[in-house]
Structures are given as C-alpha cells and as structure tokens.
Amino acid sequence: TTINFNWTATNGIDPTLDCNLTIDGSVNASNIPSPSGTPTNYSVSGFNDGSHDWNVSCVDNFGNTNISETRSFTVDTTPPVWSNNKTSPSSGVAYSSGANYQFNITWTDTGIGLDIIQFEHNFTGAPQTVPYTENSGSEYYLDYPSLAAGTYYWKSYANDTAGNLN
C-alpha cells in the first residue's frame, strides 16, 4: 500500500526548509526539500494493515526546528469475510405457499469496520440487489414473504469502510 503524505511548512526567512518524515516513531525520509508556504508531497510504500502515526519535523538554515502535530491513518486491505449462511426453511421440500422465508449470513471485518451489506436474489424472476432487513450482531437477515414455488438463488455482498469488497 502506498500513502501520499502532504504538508506545508512555512518560514518567514528561509525560502526552503529541510524536513524529516517520521512514521510510527522512526524517521522514514530525511532532508526532504520543502519550499516555504508550498505544499510538499512525499509517497511511501509498503505499509501493513493497521493503524499508523506520522509527523514532520523541519529545520531552516539557521537551525530553527519545528515538529508538526502527530496524525494517524489506517491501512485496511482485507475484505470482509462471510460465514454461516443459512436459509429458513433449510430445505426446498419444506416449501409452503404464503410462508415467510429468511436468508441470513454472518459478516465480519478485521479492519476498520463494515460499511454496506446487501443481498442479491432472483425471487421476483429477475436479479435484484436489496439491503438486509435486520441484523443481530454480525448476523444479517433478509426476510422475504410469500415466495412462489420455483428455483432461486441468493447471495450476499459486503464492503468495509475502506472500500474492500467481498
């Protein structure tokens, strides 16, 4: 994963400052030329999933040093994981006209959290994507009343707040 760091260092005397980029407590890059009052961009690759902290320290030609506030970011490249998909009733032979049917699945995310959970089905004859009806913890349900006799499919999708889709 590549992160683009951006900062603007300002000095009323020195036109260019030398800045160090510190990530997770270690200087990652040093003496990055940063023209006073002009945005500086610096990209760093190779981050693992998780929370990271960063700051910038800059020095002018007179030895004056200043350190920015420390900021945080999170890298999340892992998509949500599903388990325990269930249908109620569990057998197609248990079909009953006018009955309510429930489809459920458990979604978990080891990163920064789930964002959107949807179900796709063809219960009306054509594929359609719908939001879940309810949830209990990490188990999400789609309730469907009065399903006509036939052969159908259903599946579920989830994405997390970082945009990873499963």
Min side-chain heavy-atom separation [X]-[Y] under 4.5 Å:
X: Val75; Y: His52; value: yes
X: Asn159; Y: Asn166; value: no
X: Tyr141; Y: Phe103; value: no
X: Asn104; Y: Leu142; value: no
X: Ile23; Y: Val44; value: yes
X: Asp143; Y: Glu134; value: yes
X: Tyr157; Y: Glu120; value: yes
X: Phe5; Y: Val56; value: no

*Tell me, which pairs form a side chain to side chain donor-acceptor pair (under 3.5 Å) where one or both residues lie in residues 7-19, sequence neighbours left out?*
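Applying side chain to side chain donor-acceptor pair (under 3.5 Å) to every pair that reaches into residues 7-19, excluding sequence neighbours, yields Trp7-Ser34, Asn11-Asp60, Asp14-Asn61.
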Of all heavy-atom pairs between [X] and [Y], which one has the smallest distance, and what is that distance?
X: Ser72; Y: Asp53; value: OG-OD1, 2.6 Å
X: Ile105; Y: Ser83; value: CG1-O, 3.7 Å
X: Leu165; Y: Pro79; value: O-CB, 3.7 Å
X: Trp154; Y: Phe119; value: CZ3-CE2, 3.4 Å
X: Ser43; Y: Asn4; value: OG-OD1, 3.3 Å
X: Pro35; Y: Thr40; value: CD-OG1, 4.1 Å

_Is there a side chain to side chain contact (heavy atoms under 4.5 Å, CB included) between Asn28 and Tyr42? Walk through the geometry before answering._
CA-CA 11 Å; Asn28 179 274; Tyr42 193 85; 4.2 Å; yes
*Mind checking what makes side-chain contact (heavy atoms from CB on, under 4.5 Å) contact with Thr65, not counting sequence neighbours?*
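Listed in chain order: Val59.
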Tell me if the centroids of the rings in [X] and [Y] come within less than 6.0 Å of each other.
X: His121; Y: Tyr144; answer: yes
X: Phe73; Y: Phe47; answer: yes
X: Tyr152; Y: Phe123; answer: yes

N/O donor-acceptor pair under 3.5 Å between [X] side chain and [Y] backbone:
X: Asp160; Y: Asn164; value: yes
X: Asn122; Y: Tyr153; value: yes
X: Asp76; Y: Ala162; value: no
X: Ser156; Y: Gln118; value: yes

*asked:* Assess the residue pair Tyr101 and Ser146 against the criterion (side chain to side chain contact (heavy atoms under 4.5 Å, CB included)); give the C-alpha distance rounded to whole Å, side-chain angles, the decisive distance to 0.1 Å, and a yes or no.
replied: CA-CA 8 Å; Tyr101 293 86; Ser146 301; over 6 Å; no
*Could you please spell out the steps behind the side chain to side chain contact (heavy atoms under 4.5 Å, CB included) verdict for Leu21 and Ile32?*
CA-CA 8 Å; Leu21 174 62; Ile32 301 167; 4.1 Å; yes
*asked:* I'd like to know whether Ile13 forms a side chain to side chain contact (heavy atoms under 4.5 Å, CB included) with Phe62, so could you lay out the CA-CA distance, the side-chain angles of the two residues, the decisive distance to 0.1 Å, and finally the verdict.
replied: CA-CA 9 Å; Ile13 300 171; Phe62 302 100; 3.3 Å; yes
Which value, rounded to the nearest 0.5 Å, describes the distance between [X] atom [atom1] and [Y] atom [atom2]?
X: Ile117; Y: Trp82; atom1: CD1; atom2: CH2; value: 15.0 Å
X: Cys19; Y: Asn55; atom1: SG; atom2: CG; value: 11.0 Å
X: Ser138; Y: Asn84; atom1: OG; atom2: CG; value: 8.5 Å
X: Ile3; Y: Ser45; atom1: CD1; atom2: OG; value: 9.0 Å
X: Ile112; Y: Asp49; atom1: CD1; atom2: CG; value: 9.5 Å

_Distance alone, cut at 3.5 Å: any donor-acceptor contact between the side chains of Asp115 and Thr161?_
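On atom types as modelled, these side chains do not qualify, holding no pair under 3.5 Å.
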*Enclosure of Ile67 CD1 (heavy-atom neighbours >12, cutoff 6.0 Å)*: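 Count not over threshold, so no.
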